[in-house]
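Bear in mind that the values here come from a model prediction, so they are computed numbers and not experimental data. Each residue takes its place number in the sequence, starting with 1. Heavy-atom basis, side chains included; hydrogens, waters and symmetry copies ignored.
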Amino acid sequence: MADNYSIVEPLGNQDRDTKLERYWKSFEGKYGLRTSRIIQFDPYASMSRSPVQYKLEKFNLNRDIPSQEWIRDNLKQFIREEIMVSASEIPQYFSPEIDGEIILPDEYLTDFLHNSEWDNFLKVELPKDDTDSEMANCIYRLLCNPQIGSSKNAVNNDESEFINHILPLIEQRKRLLFVLPGFPFKDQNKFRVPYDAARIDFSEISFIIRLHNLIQSLYQVHPFGAEAIVLSDGRLYQDIFYIDPIEVEEYQWRLHDYRNKLNIQGDVSIIDLMDLIERANEDGEITKLIQHLETVISNDYAQEDFFLNLIQGMKWNLNSRKLLKDYDDIDSWNIIKSNRCDVRRDLLKIWNDYHNIAKEAAVRYAAVNLMLKWTDLIRKFFPESIRCTVHAKKNQFALAKSYAWNGIAWSERWPKTLRDITTVPFYMLGKYVKVKLATFQSTKFPCFFTTERYNQNLDYAKNILEADGWNVDNIFGREFNIFDLAEFVELGRDDENFAWEKKEMSEEYYKALLQFRIGHYKKYGFGVHAIFMDGNLIGQMGLQVLDEQKNQIEYVIFLGKDYVHKGIGSKLLKYLFSRCKEEGLTTVFGVIRSDNDISRHIVEKFGGKMVRTMAHYHQSGVLYEIEL
């Protein structure tokens with residue numbers, strides 16, 4: 001390939017890879033990837049489009065060897081940034097009691113994504129004017145928003161330097177590119193994770209959604225677009241941490257798969273970090289550099305106190321599920337966390353072996369990371385990119401509060417958004433009397449642990465009435481839309497029984513009710529439908545949430561005055577209750593005004609039993625329970 005080469009980004013297709021991933025696979029060698037916007041005219045569509053043109057520029061690595069002083073200073077800095085304090089005392093419990101399994105439908109993932117989108121709870125600060133400098137300032141403030149990244153981002157990233165970097169990109173209307181190394185494999189510390197390295201749970205899923213939300217938020221500030229690249233580093237670290245390569249490969253495959261199920265291929269690409277190293281190692285210079293760094297670190301620094309902190313950190317991060325599989329939890333904890341002088345005599349040999357493994361792993365791990373810094377390899381391949389990280393580092397934007405892969409997904413309450421999910425070591429759940437594991441119905445893969453039971457009725461209710469339409473003989477039903485307002489108002493005119501308040505209501509009332517119906521669909525995925533006969537609106541019927549905390553769904557039915565006492569209501573309820581039973585909903589509630597004898601007679605005909613009187617939408621009603 002020539003030293004400089006360009007090609008227009010590929011068109012979208014049904015491939016599981018993103019455009020950037022497919023383009024990345026189309027070339028080899030040491031080429032930095034830059035972009036530009038071009039204008040193309042499509043004669044078949046008779047319109048112009050403005051795709052991204054990828055420009056490849058050949059680069060060479062620095063063949064100099066880093067000085068002793070550089071190695072020492074950067075090794076100390078790397079260890080300070082890398083080491084995170086973990087508990088040393090033996091915990092009272094090493095694992096919680098698993099009180100059953102919660103089976104989630106695959107649709108739960110889509111709902112979780114929708115509820116987690118930042119436009120639901122984050123107000124993006126928009127540029128005050130249309131200047132490029134104001135846009136750059138706004139992007140900086142967005143990245144320093146604690147809800148998006150870290151409160152330390154403003155401290156670790158100089159605003160003027162950042163603006164100087166991205167201002168030319170904005171002026172040229174380029175797509176911003178965020179690069180994040182991470183997502184290697186599921187941690188195999190036996191106290192952190194109870195399943196194998198290939199398992200992805202809602203910790204990783206929530207992090208991917210965070211990246212998606214970042215890109216979507218940036219579109220409001222930077223209309224020329226942005227995307228994120230995850231540099232998955234599992235293959236780079238698999239041997240260092242004693243992880244099965246097959247599980248690493250499967251982890252990466254599942255990462256792609258979940259990304260595609262979330263339908264965010266336009267925002268997040270995933271590239272193997274080891275692929276960058278292999279492309280840059282054409283003449284073996286990367287291998288030689290790593291070997292040199294390993295030798296220097298091993299000979300000159302591996303015995304120093306500051307390096308012992310890295311060794312201890314590696315003990316905690318190694319695959320102890322494999323290396324200490326023959327030892328119980330107490331002995332394993334002592335082997336990992338205790339000093340040699342505090343270990344029982346019969347554990348000294350395994351302590352020495354594990355310590356030496358950790359020491360060797362620490363040397364290799366440090367050498368690889370110093371190589372990445374010395375060569376500036378990520379910047380070489382993606383020279384226009386904005387460097388991101390998991391936790392706060394100098395000149396990088398942190399995008400998470402914890403390592404998603406270094407623990408299990410946990411939510412004390414039932415998780416509805418990514419804000420409910422935290423990543424914690426598995427042993428920390430031992431303080432709870434009982435926890436439940438949620439898994440996907442189709443794959444049985446783990447999702448998260450929680451103490452709350454699953455409100456399955458909300459999911460069952462989504463499949464009972466088809467949103468686009470359903471039929472019962474000559475009756476047709478579908479979700480309401482804003483264009484139904486005129487007919488809705490007309491149907492309720494001069495009909496005091498058509499409204500729950502049992503009086504004739506104004507147009508504003510029906511407009512608000514229609515907005516409530518549509519809002520219910522958006523929030524829960526089901527609701528009360530419009531009912532038609534011979535093309536005319538005759539009423540409303542369906543399901544809505546009565547009490548979300550108590551897992552209660554109520555049925556609702558109102559017919560216009562010209563359509564009551566004709567058996568239509570009974571026919572519709574028979575169909576509705578039949579569909580409820582088919583989809584797994586075993587109990588439905590109904591709230592009926594105490595003076596509505598006809599409706600009370602109908603619900604009792606279907607086996608409804610009176611529970612109590614209650615206040616319902618500012619009126620008094622009778623609560624009925626129908627067992628299906």
Side-chain angles (χ1 to χ4, degrees), residues 6-13 15-24 26 32-42 45 47-56 113 116-119 122-145 148-149 162-180 207-231 259-260 262-271 378-379 381-388 397 399:
S6 66
I7 190 172
V8 178
E9 65 179 344
L11 293 171
N13 61 10
D15 197 291
R16 68 188 300 267
D17 292 334
T18 67
K19 291 181 179 180
L20 184 56
E21 289 164 1
R22 283 183 279 133
Y23 181 64
W24 177 260
S26 71
L33 192 153
R34 296 180 183 271
T35 62
S36 65
R37 287 284 185 182
I38 63 171
I39 302 296
Q40 287 186 338
F41 180 75
D42 186 342
M47 62 182 295
S48 296
R49 66 188 189 100
S50 181
V52 166
Q53 183 179 42
Y54 294 110
K55 294 183 177 180
L56 298 183
L113 171 65
S116 297
E117 290 178 345
W118 278 345
D119 59 3
L122 175 65
K123 184 177 181 180
V124 176
E125 182 182 352
L126 299 177
K128 298 179 179 62
D129 55 53
D130 58 359
T131 62
D132 293 337
S133 59
E134 172 60 16
M135 187 183 297
N137 276 281
C138 209
I139 292 170
Y140 177 81
R141 292 193 295 271
L142 181 66
L143 293 172
C144 293
N145 187 319
I148 295 175
F162 174 76
I163 290 174
N164 288 336
H165 172 62
I166 69 166
L167 198 54
L169 306 179
I170 295 173
E171 291 171 348
Q172 298 171 51
R173 305 315 188 228
K174 290 191 175 186
R175 187 185 297 162
L176 298 181
L177 181 63
F178 295 83
V179 176
L180 173 78
F207 198 165
I208 295 174
I209 293 175
R210 288 181 68 86
L211 294 177
H212 162 68
N213 286 343
L214 168 64
I215 301 305
Q216 293 300 306
S217 298
L218 280 163
Y219 269 106
Q220 301 179 52
V221 178
H222 178 64
F224 313 112
E227 59 187 315
I229 298 179
V230 170
L231 296 178
R259 187 272 312 273
N260 293 353
L262 291 166
N263 196 28
I264 56 176
Q265 298 96 311
D267 296 337
V268 181
S269 295
I270 303 165
I271 293 175
I378 295 174
R379 182 77 66 185
F381 276 101
F382 305 105
E384 297 174 337
S385 65
I386 299 167
R387 275 298 307 273
C388 298
F397 287 93
L399 298 180

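Atom-to-atom distance recorded for Q172:CD and I170:CD1 is 11.0 Å, nearest 0.5 angstrom. Taking CD1 from I209 and CD from Q216, the interatomic distance works out to 12.0 Å, rounded to the nearest 0.5 Å. For the atom pair E227 CD and Q265 CD, the distance stands at 12.5 Å (nearest 0.5 Å). Considering CZ of F224 and CD of E171, their distance stands at 11.0 Å, rounded to 0.5 Å. Here the CG atom belonging to N260 is positioned 9.0 Å from the OG1 atom belonging to T18, to the nearest 0.5 angstrom.
A search for salt bridge (charged side-chain N to carboxylate O under 4.0 Å, His left out) contacts involving E134 returns R141, not counting sequence neighbours. Y140 meets the ring-ring contact (aromatic ring centres under 6.0 Å, His included) test with F162; sequence neighbours excluded. In this structure, R379 has no salt bridge (charged side-chain N to carboxylate O under 4.0 Å, His left out) partners at least two apart in sequence or on a different chain. Scanning for ring-ring contact (aromatic ring centres under 6.0 Å, His included) contacts around F178 gives an empty result, with sequence neighbours left out. The salt bridge (charged side-chain N to carboxylate O under 4.0 Å, His left out) check on E384 picks up R34, K174, with sequence neighbours excluded. Legend: residues meeting ring-ring contact (aromatic ring centres under 6.0 Å, His included) with F381, ordered by chain and number and at least two apart, are W24, F59.
Judged purely by distance below 3.5 Å, without hydrogens or angles, the side chains of N213 and E117 never pair a donor atom with an acceptor atom.
The side-chain contact (heavy atoms from CB on, under 4.5 Å) with I229 is formed by just one residue from the set I271, L211, V268; it is I271.
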Give the intermediate values and the outcome of salt bridge (charged side-chain N to carboxylate O under 4.0 Å, His left out) for residues R173 and D132.
CA-CA 10 Å; R173 305 315 188 228; D132 293 337; 3.1 Å; yes
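For the pair L20/Y54, a side-chain contact is recorded, criterion being any heavy-atom separation below 4.5 Å from C-beta on.
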